[in-house]
Amino acid sequence: MMSSLPLAAVVLAGGASKRMGRDKATLPLDGSPGSPTLVERVVSVVSARCEPVFVVAAPGQALPTLDAVVLRDEVMGVGPLLATARGLRAAAEAGREHAFVCAVDMPALTADVIDTLAGPAERLDADVVLPWDGRDHYLAGIYRTALHAVIPGLLEAGQRSMRSLADSVDTQRIVMPEQPALANVNTAAELEAVLPPRLISKPASK
């Protein structure tokens with residue numbers, strides 16, 4: 001049974017992408033002009049299960065037109081924790097108690113992954129619900145939006161990792177098989193390897 005837990009989505013799109021050598025968010029899926037970009041792909045997937053959708057981008061970062069609310073990082077270069085707080089705060093202000101938080105570099109992400117986590121998030125009343133396939137996927141989990149108030153204290157203490165947040169609150173891990181849907185891509189070769197050809201198509205116009 002699919003969970004009816006209302007979820008916002010927070011897509012973190014402002015990373016430096018040093019290994020990719022360019023902005024991941026606007027990377028064309030098939031490498032050609034006019035191809036859907038990574039951020040368009042991920043926004044399309046999370047929109048099937050989550051509303052509203054927030055994309056947290058770097059100051060001045062160019063993005064395509066998205067069916068999402070674009071927020072801007074207040075400070076660059078401090079990792080995903082501050083951006084997560086920005087997105088969770090916006091989701092809380094929109095009336096959502098939970099949000100699916102993910103990275104922009106997950107081209108094979110599916111709404112089924114979100115639903116798999118939503119059930120336990122609803123039943124267990126945990127602060128964070130993460131997929132675990134031998135490692136924690138901090139940027140593919142469901143977070144209580146009230147955690148935005150916890151993060152400033154972690155940052156003041158010098159903590160910048162998502163692990164520091166998960167370790168400081170009630171976090172539940174859901175065992176899942178290794179799968180492309182949870183894969184992050186850091187190179188063009190990884191993108192080509194993880195993304196099925198059927199997914200390389202232009203988003204439907206609305």
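Nothing here was measured: the structure is a model prediction, and the numbers come from that model.
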Quiz item: Got Asn184 and Met106 here, is their nearest side-chain heavy-atom distance under 4.5 Å?
Solution: yes
Quiz item: Does some side-chain heavy atom of Val39 sit less than 4.5 Å from a side-chain heavy atom of Leu66?
Solution: yes
Quiz item: Which is it for Asp170 and Gln172 under the side-chain contact (heavy atoms from CB on, under 4.5 Å) test, yes or no, and what are the steps along the way?
Solution: CA-CA 7 Å; Asp170 178 13; Gln172 300 292 324; 3.1 Å; yes
Quiz prompt | Under the side-chain contact (heavy atoms from CB on, under 4.5 Å) test, residues paired with Arg72 that sit two or more places apart | solution = Ala57, Gln61, Val70
Self-check item: All salt bridge (charged side-chain N to carboxylate O under 4.0 Å, His left out) counterparts of Arg89, not counting sequence neighbours
Solution: Glu74
Quiz item: Are Leu130 and Tyr138 close enough that some pair of their side-chain heavy atoms sits under 4.5 Å apart?
Solution: yes
Exercise. Look at atom CD of Gln179 and say whether more than 12 heavy atoms of other residues, nucleotides or ligands are closer to it than 6.0 Å.
Key: yes
Quiz item: Salt bridge check: are Arg163 and Asp136 linked by an N-O gap of less than 4.0 Å?
Solution: no
Quiz item: Yes or no on salt bridge (Lys or Arg N to Asp or Glu O under 4.0 Å) for Arg86 and Asp73, after CA distance, side-chain angles and deciding distance?
Solution: CA-CA 7 Å; Arg86 180 85 172 88; Asp73 277 334; over 6 Å; no
Self-check item: Cluster check Leu124, Val169: I/L/V/M/F/W/Y, side chain < 4.5 angstrom
Solution: no
Quiz item: Side chains of His148 and Val150: does their closest heavy-atom pair fall under 4.5 Å?
Solution: no
Self-check item: Residue among Ile142, Leu7, Asp112 satisfying side chain to side chain contact (heavy atoms under 4.5 Å, CB included) with Leu117
Solution: Ile142
Self-check item: Residue pair Leu154, Leu165: steps toward the side-chain contact (heavy atoms from CB on, under 4.5 Å) verdict
Solution: CA-CA 7 Å; Leu154 294 173; Leu165 174 60; 3.9 Å; yes
Quiz item: Can you find a heavy atom in the side chain of Asp67 that is under 4.5 Å from one in the side chain of Val53?
Solution: no
Quiz prompt | Minimum side-chain heavy-atom gap Leu29-Ser35 below 4.5 Å | solution = yes
Quiz prompt | ILVMFWY cluster, Trp132 and Val101 together (side-chain gap under 4.5 Å) | solution = no
Practice problem: Indicate whether the side chain of Asp23 and that of Thr26 have a donor and an acceptor atom separated by less than 3.5 Å. | Solution: yes
Exercise. Could you check if a side-chain atom of Val55 sits within less than 4.5 angstrom of a side-chain atom of Val43, using non-hydrogen atoms only?
Key: yes
Practice problem: Return the set of residues passing salt bridge (charged side-chain N to carboxylate O under 4.0 Å, His left out) with Glu51 (not counting sequence neighbours), or none when no residue passes. | Solution: Arg96
